[in-house]
Amino acid sequence: MTENTKQDYRTLINQMGKKEFTIMKMQEYGFWPKDLPTPYEKQLNETPEQYSKRKALVEDYKSIIERISKLYKEKQEINDKLRDLRKKYDETWDIERIRKDIAQTIMKESIARRTEKKKQRELEKHAKSEAWKKKKAEQIIFIGKGYSSFLYDNETDQPKLELQGLPVIKSDIDLANFLEIDYKKLRFLSYHRDVVTVDHYHRYTIPKRKGGMRNIAAPKPILKSVQRKILEDILNKFSLSQQAHGFIKERSILSGALAHNIQPALVINMDIENFFPTISFERVRGMFKSAGYSGFISSLLAMLCTYCERVSIEVKNKTRFIATTKRILPQGSPASPMITNIICRRLDQRLNGLASKFGFTYTRYADDMSFSINDETNVKVGRFYGLVSKIVKDEGFEINKEKTRFLRKNNRQSITGVVVNNEKLGVNRMWMRRFRAAIHNASKLRSNGDLPIEVKRELSGMASWVRSVNPERYKKLIETAMEVIK
């Protein structure tokens, strides 16, 4: 057989396979009739079951042949070793020397194998470590214990985002570019630690309109700009309920009060207890995810929009800030009020449906819910209140029963602090007395020096609220307050 023929045969074998090439040659030389099926094809008068059984036996036979071939190879290797040993020791009968030499050889081979395996494991470990370092440098893979469970979810519903006019953000790099901040800064802002040396928030308290103090956490400049960007380009594009009047463009305390009839038969005011703290990281993440963002991006956005209460302690002359709560919605963030409105859409829808069924008008301003009705003659007010409480609880909130008020015509009826049973909207007298007292006290402080920032904030907030209710009626007091602040 010429060299070219051998080369041709090898090419054909590679193309056809050994079995097919063998059958072809057997047919070519007359050892297998061309009109008969091959041993691997269905034979004449053979049922499908018989063919399947014969085919399985052929495969078993092939497997056995391969195992026998492997055993023969191993046997040959053993015979080669025995031959080498006979050649080495054919002139001696020193059994002890033979035993020691064989033991040393086995030990060397074992050490060599272990060394090779150890080297391979170290290489694999190093490769994994480098791959992990590379991944950590290129992608956020951990944002804090208890908050990283959705980072594996990278599925973005792009059509849904585009339908709502929301920006498409698929990676952390995309998010950093969208927020117009450095990638390292995004990693820093979106990482939770229970103990930190740098707090992202300024913390202070302000008086509540209904008494008591409210904890405010105002984000520092960089985080504040990030939250404002999220508010303007993402949150403001969500659809909201018509019953929400807080922190929405062209809606206010006044629009909420005007939605009710003047001098109604009954006003029911309810307050949601611990409103902002009740909205957790998980709820904020779920809000972004429902819009179409992946679990990964939703987690990062939720980290940027939430915080945890902290206390400061001194450790080795250094200030540490220790987390005392899980991550919740901060009061003081520009994004928080709109997040509450989005999360409360279903609550508003359900309460509005219930109110309409009973003949009530319903509005909500942040955590203040108001219901009014012009004729309560045939209304079971107790049952209505119970159903409202149930819906509020179903939606993950609790009503502050101590602040629930049932106000009839003989009472001063107010909705979010606006009096509605007079001919013109106004602020109740007790609150106005507090406002005048605050202006008087601030004037005295100013005459003795600069006004503390806390006093300026309080007075400015009070003046803004009065202005939003009835700017003409309280014009002189508002001007006086602003002059004191200057």
Side-chain angles (χ1 to χ4, degrees), residues 129-130 132-152 172 175-176 179-208 212-230 273-285 296-337 339 450-458:
S129 176
E130 291 300 311
W132 182 251
K133 287 179 183 177
K134 186 173 184 291
K135 188 173 181 180
K136 281 173 66 177
E138 295 175 350
Q139 180 182 340
I140 296 173
I141 56 176
F142 185 70
I143 55 175
K145 187 178 180 181
Y147 301 102
S148 304
S149 57
F150 277 64
L151 295 184
Y152 69 90
D172 46 4
L175 182 58
L179 296 173
E180 299 174 356
I181 59 172
D182 182 72
Y183 180 66
K184 290 183 178 179
K185 182 62 69 175
L186 173 64
R187 296 174 72 102
F188 178 58
L189 292 174
S190 60
Y191 186 70
H192 171 85
R193 299 173 181 83
D194 286 337
V195 182
V196 296
T197 55
V198 177
D199 193 355
H200 296 311
Y201 289 83
H202 297 294
R203 300 166 191 267
Y204 54 92
T205 59
I206 61 170
K208 292 183 179 181
M213 302 301 291
R214 190 184 304 277
N215 292 324
I216 301 296
K220 292 180 179 178
I222 294 177
L223 181 57
K224 186 174 183 179
S225 68
V226 164
Q227 292 173 348
R228 195 173 295 283
K229 179 75 173 173
I230 293 171
E273 192 169 17
N274 295 322
F275 185 50
F276 279 75
T278 301
I279 298 176
S280 62
F281 166 86
E282 290 76 14
R283 296 181 77 170
V284 178
R285 179 179 62 192
F296 177 63
I297 295 300
S298 297
S299 297
L300 297 182
L301 288 169
M303 289 298 287
L304 296 170
C305 292
T306 58
Y307 88 126
C308 58
E309 292 284 359
R310 295 182 183 274
V311 294
S312 61
I313 62 171
E314 293 294 323
V315 180
K316 296 180 179 179
N317 297 323
K318 288 187 178 180
T319 303
R320 299 283 192 274
F321 301 95
I322 313 298
T324 57
T325 67
K326 292 186 176 181
R327 293 190 76 87
I328 53 178
L329 206 59
Q331 298 188 61
S333 161
S336 291
I339 289 174
D450 290 336
L451 276 180
I453 187 67
E454 294 80 7
V455 175
K456 287 184 178 181
R457 284 179 180 146
E458 180 184 0

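Position 1 is the first residue of the sequence; numbering continues from there.
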Between Leu186 and Leu179, is a side-chain contact (heavy atoms from CB on, under 4.5 Å) present by the stated rule, with each step listed?
CA-CA 9 Å; Leu186 173 64; Leu179 296 173; 4.2 Å; yes
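- Atom CD of Glu282 and atom OG of Ser299 lie 9.5 Å apart (nearest 0.5 Å).
- Between Ile140 and Asp172, the closest heavy-atom pair is N-OD2, 2.7 Å.
- Here the side chain of Ser190 pairs no donor or acceptor atom with the backbone of Leu300 at under 3.5 angstrom.
- At most 12 non-hydrogen atoms from other residues, nucleotides or ligands lie less than 6.0 angstrom from NZ of Lys224.
- Note that NZ of Lys326 is 8.5 Å distant from OG of Ser280, once rounded to the nearest 0.5 Å.
- Here salt bridge (Lys or Arg N to Asp or Glu O under 4.0 Å) pairs that include residues 187-199, with residues two or more places apart or in two chains, are Asp199-Arg203.
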Evaluate Lys318 against Thr197 for side-chain contact (heavy atoms from CB on, under 4.5 Å), listing each step before the verdict.
CA-CA 8 Å; Lys318 288 187 178 180; Thr197 55; over 6 Å; no
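- In this structure, the side chains of Leu329 and Pro277 stay at 4.5 Å or more apart for every pair of heavy atoms.
- Counting heavy atoms from C-beta outward, Arg310 and Ser312 have side chains that stay 4.5 Å or more apart.
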Output, in order, the C-alpha distance, side-chain angles, deciding distance and verdict of side-chain contact (heavy atoms from CB on, under 4.5 Å) for Arg285 and Ser149.
CA-CA 11 Å; Arg285 179 179 62 192; Ser149 57; 3.8 Å; yes
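- No more than 12 heavy atoms of other residues, nucleotides or ligands shown are found within 6.0 angstrom of CD1 on Ile222.
- Separation of the Phe281 and Tyr147 ring centroids falls under the 6.0 Å cut-off.
- A distance of 8.0 Å separates CD1 of Ile339 from CD1 of Ile279, quoted to the nearest 0.5 Å.
- The ring of Phe142 has its center no closer than 6.0 angstrom to the ring center of His192.
- Checked by atom type, the side-chain pair Gln227/Ser333 shows a donor-acceptor distance below 3.5 Å.
- The ring pair (Phe, Tyr, Trp, His ring centres under 6.0 Å) contacts involving residues 298-336 comprise Tyr201-Tyr307, where partners must be two or more places apart or lie in separate chains.
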Candidate pair Arg283 and Thr278, rule side-chain contact (heavy atoms from CB on, under 4.5 Å), full reasoning:
CA-CA 9 Å; Arg283 296 181 77 170; Thr278 301; 3.8 Å; yes
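- Note: Ile143 CD1 to Ser148 OG = 4.5 Å, rounded to the nearest 0.5 Å.
- Note that CD of Glu180 is 4.5 Å distant from NZ of Lys229, once rounded to the nearest 0.5 Å.
- No side-chain donor-acceptor contact under 3.5 Å links Ser336 and Gln331.
- Here the shortest heavy-atom pairing between Ala218 and Tyr204 reads CB-CE2, 4.1 Å.
- Contact check for Ile322 versus Ile313: side-chain heavy atoms found under the 4.5 Å cut-off.
- The closest side-chain heavy-atom distance from Ile328 to Thr306 is not below 4.5 Å.
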